[in-house]
Every structure is written in structure tokens, then in C-alpha cells.
Colleague: 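Below is one structure. I have some questions about it.
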Amino acid sequence: MAGPVLIFDSGMGGLSVARALREHYPQAAFCYACDNAWLPYGVREDSTLTARIVRVCRAVVSTCQPSVLVVACNTASTLALEQLRAELTIPVVGTVPAIKPAAAVSQSRHIGLLATTATVRRPYTQQLIDNFAQDCRITRVAADALVIEAEALIGGAKPNAKRLAAALAPLWQAVHADVPLDTVVLGCTHFPLLKPWLEASAPVPLNWVDSGDAIARRVGQVTNTLVSNHHDGRCFTTAPTASLQAGLAAYGFFAPHCLSLDDVFSGDLPLEN
Ligand code: DGL
């Protein structure tokens with residue numbers, strides 16, 4: 001039987017990608033996995049984070065036997081996509097900031113990039129800007145606090161107005177710049193979960209661009225096994241938290257199982273003759 005589509009993120013942000021995938025492929029089977037024991041990824045050091053992402057993805061791929069892995073995390077994708085593709089035998093679809101579609105819609109040529117500390121600084125992100133938005137001014141806003149707000153939202157809490165305002169202040173300043181910002185890239189998968197609050201707090205209407213639809217289209221290109229099976233809704237976390245259960249259920253996922261990282265063969269073991 002064809003394996004499910006496995007969606008991976010550091011935490012609950014991948015649910016914004018799951019929403020886009022379920023809209024595009026309502027019959028398909030999806031599993032969800034997150035490394036919430038290591039959340040937030042956006043403030044971690046690159047080499048330990050790369051090793052951790054590969055370790056967790058290998059473990060969950062071995063558990064779920066998916067047909068495709070969707071890395072629904074900009075912070076992980078801009079760092080570890082190449083290594084994941086080298087380590088795994090299934091197709092790996094990444095999530096990177098939607099700079100190209102944002103450059104296609106911005107009239108003023110001033111774009112905001114709202115992402116984690118890691119993503120706004122990554123060479124991968126700079127490459128996207130050089131390739132697709134060379135004529136645009138880019139205001140980079142590292143907003144790790146919004147990751148925590150989005151996690152709390154899935155856990156059943158309302159976002160905190162003060163923390164939201166503090167995180168978004170640099171964007172609203174750019175809206176009033178000589179060349180006004182008119183488009184915001186949601187370069188972290190947690191942020192589309194907060195979109196109603198982001199829109200409500202913006203001083204003027206803006207274009208909000210995320211990567212959900214592009215990822216869904218890409219998944220359709222790399223696999224022809226988007227069919228229903230009994231694996232749909234399985235969920236794995238590295239730190240199972242009861243408060244996330246209702247939030248996960250709203251996106252079609254069951255109560256999470258604890259993902260064991262020890263079950264997995266994690267490298268080339270020396271063999272005795
Ligand atoms: N959801 C992840 C992203 O798209 C990041 C969250 C984190 O910092 O762990 O970048």
C-alpha cells in the first residue's frame with residue numbers, strides 16, 4: 001500500500017502546511033511529526049540543529065514509511081534539505097520563504113520578510129532574494145516570539161497582544177517608510193496560523209504571502225500516491241503535550257505518540273567479521 005505524506009516541523013507550524021495539503025488533496029493520507037522537545041529551531045546553532053533534524057526525520061520516516069516527506073519548516077529547509085535528500089530514499093519537499101511570489105505581487109517593491117532569526121540570516125534566503133527580488137527593498141524581521149504565540153494558540157490560548165505588537169513593530173515602521181512596504185512574506189510556517197491577528201494589527205491592508213499552496217502543488221508533482229489509507233491522522237512528537245490534542249484534532253490529527261529516537265540505526269556501525 002502507498003505510504004502517507006509525512007509533514008515535519010519543529011512544532012505546530014507545519015499545521016498551516018497540512019491545511020493547504022488537505023485542501024488540495026482531501027482524499028490523501030497525512031501523518032504529522034514535530035520535534036517540539038527542541039523548539040524553537042530558529043535560535044539554535046546550525047551544525048547541532050542539522051544533525052538533530054536528520055536524526056528526527058530518519059526516525060519518523062522509519063516509523064511512518066511515508067511516500068514523501070514534507071519539511072514544513074523554513075528554518076529546517078534552508079539549513080538541512082540537501083543533507084536530508086542525501087540520507088533518505090523518498091522524495092523530500094522543502095519549505096522556503098516565498099520571496100518569488102512576493103516579488104510578483106509587490107507594487108511598491110518594498111517587501112517584509114517575517115521569519116525566525118535563523119531564516120532571515122541564512123545564505124539560502126539571501127540567494128532567493130538575489131535571484132527573485134533583486135530590485136526590491138527587503139525589511140527582514142526576526143520574530144521568534146511569534147513562534148511561541150502560534151504554539152500557544154494551538155494549545156488553546158489567545159495570542160498576547162503586547163508580544164504581538166512588539167514583534168511586529170519593525171514591519172509597521174516600514175509601512176510608513178519613504179518607499180512603503182506593501183507585501184509581507186510569512187517565512188515561518190507558524191505565522192499563517194496567526195494571520196487573522198496579523199491582518200487585524202496591520203496599519204494598512206497588505207499582501208500576505210506564504211508557501212502553503214506552492215508546497216501542495218510540489219507534493220502533487222513528486223508523488224502519484226495521494227490516496228487514502230488507514231495511516232491518515234497519525235501524529236508523533238518528541239515531547240507529547242496533552243494541551244495540543246484539541247488543536248491537532250482541528251487539523252485532522254490524532255493524539256500524538258512519543259517519537260523514540262533510539263529505534264533508529266543512526267550511522268555506519270562497524271561490523272565484526
Ligand atoms: N516553523 C518553523 C519555520 O518555518 C520555525 C519555528 C522554530 O523556530 O522552531 O521556520
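Read the numbers this way: they start at 1 and go in the same order the structure lists the ligands and their atoms.
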Colleague: Cation-pi check, Arg22 to Phe253: give yes when NZ or CZ is under 6.0 Å from the six-membered ring centre and within 45° of the ring axis, no otherwise.
Modeller: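 Yes.
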
Colleague: Between the side chains of Gln127 and Thr125, does any donor sit under 3.5 Å from an acceptor?
Modeller: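 No, because no side-chain N or O of Gln127 sits under 3.5 Å from a partner of the opposite role on Thr125.
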
Colleague: Against Tyr41, only a single residue in Thr119, Asp35, Asp9, Thr116 fulfils side chain to side chain donor-acceptor pair (under 3.5 Å); can you say which?
Modeller: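 In the set Thr119, Asp35, Asp9, Thr116, the residue that makes a side chain to side chain donor-acceptor pair (under 3.5 Å) with Tyr41 is Asp35.
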
Colleague: List of N/O pairs, ligand 1 versus protein, all under 3.5 Å?
Modeller:
{"unit_1": "ligand 1", "atom_1": "1 (N)", "unit_2": "Asp9", "atom_2": "OD1", "d": "3.0"}
{"unit_1": "ligand 1", "atom_1": "1 (N)", "unit_2": "Asp9", "atom_2": "OD2", "d": "3.4"}
{"unit_1": "ligand 1", "atom_1": "1 (N)", "unit_2": "Thr189", "atom_2": "OG1", "d": "2.9"}
{"unit_1": "ligand 1", "atom_1": "1 (N)", "unit_2": "His190", "atom_2": "ND1", "d": "2.8"}
{"unit_1": "ligand 1", "atom_1": "4 (O)", "unit_2": "Asn74", "atom_2": "N", "d": "2.8"}
{"unit_1": "ligand 1", "atom_1": "4 (O)", "unit_2": "Asn74", "atom_2": "ND2", "d": "3.1"}
{"unit_1": "ligand 1", "atom_1": "4 (O)", "unit_2": "Thr189", "atom_2": "N", "d": "2.8"}
{"unit_1": "ligand 1", "atom_1": "4 (O)", "unit_2": "Thr189", "atom_2": "OG1", "d": "3.2"}
{"unit_1": "ligand 1", "atom_1": "8 (O)", "unit_2": "Tyr41", "atom_2": "N", "d": "3.2"}
{"unit_1": "ligand 1", "atom_1": "8 (O)", "unit_2": "Gly42", "atom_2": "N", "d": "2.8"}
{"unit_1": "ligand 1", "atom_1": "9 (O)", "unit_2": "Ser10", "atom_2": "OG", "d": "2.7"}
{"unit_1": "ligand 1", "atom_1": "9 (O)", "unit_2": "Tyr41", "atom_2": "N", "d": "2.6"}
{"unit_1": "ligand 1", "atom_1": "10 (O)", "unit_2": "Asn74", "atom_2": "N", "d": "3.4"}
{"unit_1": "ligand 1", "atom_1": "10 (O)", "unit_2": "Thr75", "atom_2": "N", "d": "3.0"}
{"unit_1": "ligand 1", "atom_1": "10 (O)", "unit_2": "Thr75", "atom_2": "OG1", "d": "2.6"}

Colleague: Answer yes if the side chains of Thr139 and His110 hold a donor-acceptor pair under 3.5 Å, and no otherwise.
Modeller: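 Indeed, the side chains of Thr139 and His110 share at least one donor-acceptor pair under 3.5 Å.
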
Colleague: Is there a side-chain contact between Ile53 and Phe8, using heavy atoms and a 4.5 Å cut-off?
Modeller: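 Yes; the side chains approach each other to less than 4.5 Å.
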
Colleague: Listed by chain and number, what are the ring pair (Phe, Tyr, Trp, His ring centres under 6.0 Å) partners of Tyr251, not counting sequence neighbours?
Modeller: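 Result, ring pair (Phe, Tyr, Trp, His ring centres under 6.0 Å) vs Tyr251: none returned.
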
